[in-house]
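Have a look at the structure below, then the notes.
Chain identifiers are assigned alphabetically (A, B, ...) following the order of the sequence lines, protein sequences preceding nucleic acid strands; residue numbering begins at 1 within each chain.
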Amino acid sequence: MQSIYRAILWGSSCICCKALARRNFCSALASCDRVGTRDSWHKEQCQDLKNSADILIAKVSKASSEEEILESLFNDQACDGIHLSQNLIDRLLDRFKDDWKSALGIFKWASLQSSFRPSPESYDTMIDILGRMKQMEKLKDLLEEMHQGSLITLNTIAKVMRRFVGAGQWEDAVRIFDDLQTLGLEKNTETMNLLLDTLCKEQFVEQAREIYLELKQHIAPNAHTFNIFIHGWCKIRRVDEAHWTVQEMKGHGCRPCVISYSTIIQCYCEEQNFDRVYELLDEMQAQDCSPNVITFTTIMHALAKAEKFEEALRIVERMRSAGCRADTLFYNSFIYTLGRAGRVDDASYVFKVAMPTAGVAPNTSSYNSMISMFCHHAQESRAFDILKEMEDSGLCKPDVQTYHPLIKSCFKTGKTDSLLKDILNDMVNKHHIGLDISTYTLLIHGLCRADRCKWAHCLFEEMIEQGIVPRYRTCRLLLDEVKQKNMYEAAEKIEVVMKKL
DNA sequence: GTAGGGTTAG
């Protein structure tokens, strides 16, 4: 118990461990337990990992093509001395998730080392990186390599299909399905549903339909299959076909369930066609299919968005009388929409009275909605009261989103010195929240506009140090500012960063 | 990834 507590404490104050903790907390703890002087051992390991990562990052940053990257890593003394580990690879893939050439170069180099085999999960991560960057040919090569090593899982297939369809190459996704047996997996209802869902989610519903008609001769559909189509038709606003699918579903002996109905209700909600929504609620009742909290949340959210607040409240009442318990997401949705409509006191009432009365605990999002609403309406002190309440609650912790509206308020009200410093200090030292790209951007832009470009530049350097790549606009803005202040050295450094973007 | 939310402009 003691060691876990210490590891958590230590991890929270170490940037390097925090990155590890997110992904690999258990194994990090397990490693710590092996050694008597855990803290110093752990620290050493982290430093080692950071040094190795830095060497590799520096190497690949100088190269421009994939081949050049590989070449620079091979036959290099510094690289040869690196102890490869799964943690190191995970860290580098995360670092280069937006730079497929560097990621692939390092991944290939690592997998060609005799002393090391990347985990199947890191192959999937590499697949994701290539897919996100639309490098579909490279993705196919990697998939083939995975096939040779028997590393393909259903998860891999799901990622590959979604990436192909996402890139508009739906035929390739179908080809993957056709080749499933060759890849060592089965063609069954589950994998068919995966293909159909992937196509439907990207609006290739008609194509999915064609394929289904072909496949259903060999593979039996189930209720999921029909719900996937109902969702697909609703997504492309062809609600008639969704209704027709419900009939087809019944024909196959599958009863439409709460998901089937809720999906169609969502579609009518988006059209703000509330007459049809109520009709469907009645039909559900007639079919002995009770709406659940998701159904009610959908309707309530849509009504509130349409500024029909009294009606939204009646849904809350209807839900209560149906014996359906509201959950946190339901109330968050309610609070959010009330806030957007400027009904600050109503939102406050829901948060302070309705939720506790119903025995529903708020989460970080509930507090964040309240804070953002108060800041938006220039009621900063009420926002800080909520933050205090959150800190005292012990139920949940603030995150970056908690602080964004508060930071924005500092800039709006010009309290850049006292208040902003306190906020950042709390963020980093009290709650151990790592600043992310959006926070750095917000801060640097705000500080430039507040004529505090020295401070902005410090943050810029810190951001680079952490391996966070700034946006072009941020560099541009800061560059103009430092030039005006005759900070030539800073300007040069920024220009170096910009050249790499 | 069979369904419900997320102040876009710093």
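Rounded to whole angstrom, the span from the NE2 atom of A/His224 across to the C1' atom of B/dA3 amounts to 12 Å. Atom CD of A/Glu270 is separated from atom C1' of B/dG5 by 12 Å (rounded to the nearest Å). Distance, A/Asn227 CG to B/dT2 C1': 5 Å, rounded to whole Å. Between the CG atom of A/Asp128 and the P atom of B/dG1 there is a distance of 12 Å, given to the nearest Å. A/Met370 places its CE atom 16 Å from the C1' atom of B/dG5, with the value rounded to the nearest Å. We find that CZ of A/Phe351 is positioned 21 Å from P of B/dG5, with the value rounded to whole Å.
Checked for salt-bridge contact, A/Glu461 and A/Lys493 meet the test: a charged N lies under 4.0 Å from a carboxylate O.
The stretch residues 279-318 of chain A touches DNA chain B through A/Asn292, A/Val293, A/Ile294, A/Thr297, A/Thr298, A/His301, each having a heavy atom under 4.0 angstrom from the strand. The stretch residues 151-168 of chain A touches DNA chain B through A/Arg162, each having a heavy atom within less than 4.0 Å of the strand.
A search for ring-ring contact (aromatic ring centres under 6.0 Å, His included) contacts involving A/Phe296 returns nothing, not counting sequence neighbours. Applying the ring-ring contact (aromatic ring centres under 6.0 Å, His included) rule to A/Tyr336 yields no partners; only residues at least two apart in sequence or on another chain are considered. Listed by chain and residue number, nothing satisfies the ring-ring contact (aromatic ring centres under 6.0 Å, His included) test with A/Tyr261 (two or more places apart in sequence, or in another chain). Among residues two or more places apart in sequence or in another chain, the ring-ring contact (aromatic ring centres under 6.0 Å, His included) test is passed with A/Tyr212 by A/Phe229. Here A/Thr402 pairs with A/Asn368, A/Asp399 under the side-chain hydrogen bond (donor to acceptor under 3.5 Å, both in side chains) rule; sequence neighbours left out.
Among the nucleotides B/dG4, B/dA3, B/dT2, the one closest to any side-chain atom of A/Ile228 is B/dT2. Of all nucleotides listed (B/dG5, B/dA3, B/dG4), B/dG4 comes nearest to the side chain of A/Asp327.
Contacts classified as side chain to side chain donor-acceptor pair (under 3.5 Å) and involving residues 413-425 of chain A (residues at least two apart or in different chains) are given here: A/Asp417-A/Arg452, A/Asn425-A/Asn429. Here salt bridge (charged side-chain N to carboxylate O under 4.0 Å, His left out) pairs that include residues 331-352 of chain A, with residues two or more places apart or in two chains, are A/Glu310-A/Arg343, A/Arg343-A/Asp346, A/Asp345-A/Arg382, A/Lys352-A/Glu389. Pairs engaging residues 231-255 of chain A under the ring-ring contact (aromatic ring centres under 6.0 Å, His included) rule: A/Phe226-A/His252 [sequence neighbours left out]. Residue pairs meeting the side chain to side chain donor-acceptor pair (under 3.5 Å) criterion with at least one partner in residues 179-190 of chain A, sequence neighbours excluded, are A/Asn188-A/Thr191.
Side chain of A/Arg276 to main chain of A/Ile264: no donor-acceptor pair is present (N/O by atom type, distance under 3.5 Å, no hydrogens or angles).
Atom name P, nucleotides B/dG1 and B/dG5: the rounded distance is 15 Å, in whole Å.
For A/His231 and B/dT2, the shortest distance from a side-chain N or O to OP1 or OP2 is not below 4.0 Å. At B/dG6, none of the side-chain N or O atoms of A/Gln401 fall inside 4.0 Å of OP1 or OP2 (strictly under the cut-off).
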Between the protein and nucleotides 7-10 of chain B, list the N/O to N/O atom pairs that are separated by less than 3.5 angstrom.
{"unit_1": "B/dT7", "atom_1": "OP1", "unit_2": "A/Tyr336", "atom_2": "OH", "d": "3.0"}
{"unit_1": "B/dT7", "atom_1": "O2", "unit_2": "A/Arg340", "atom_2": "NE", "d": "3.1"}
{"unit_1": "B/dT7", "atom_1": "O2", "unit_2": "A/Arg340", "atom_2": "NH2", "d": "2.9"}
{"unit_1": "B/dG10", "atom_1": "O6", "unit_2": "A/Arg471", "atom_2": "NH1", "d": "3.3"}

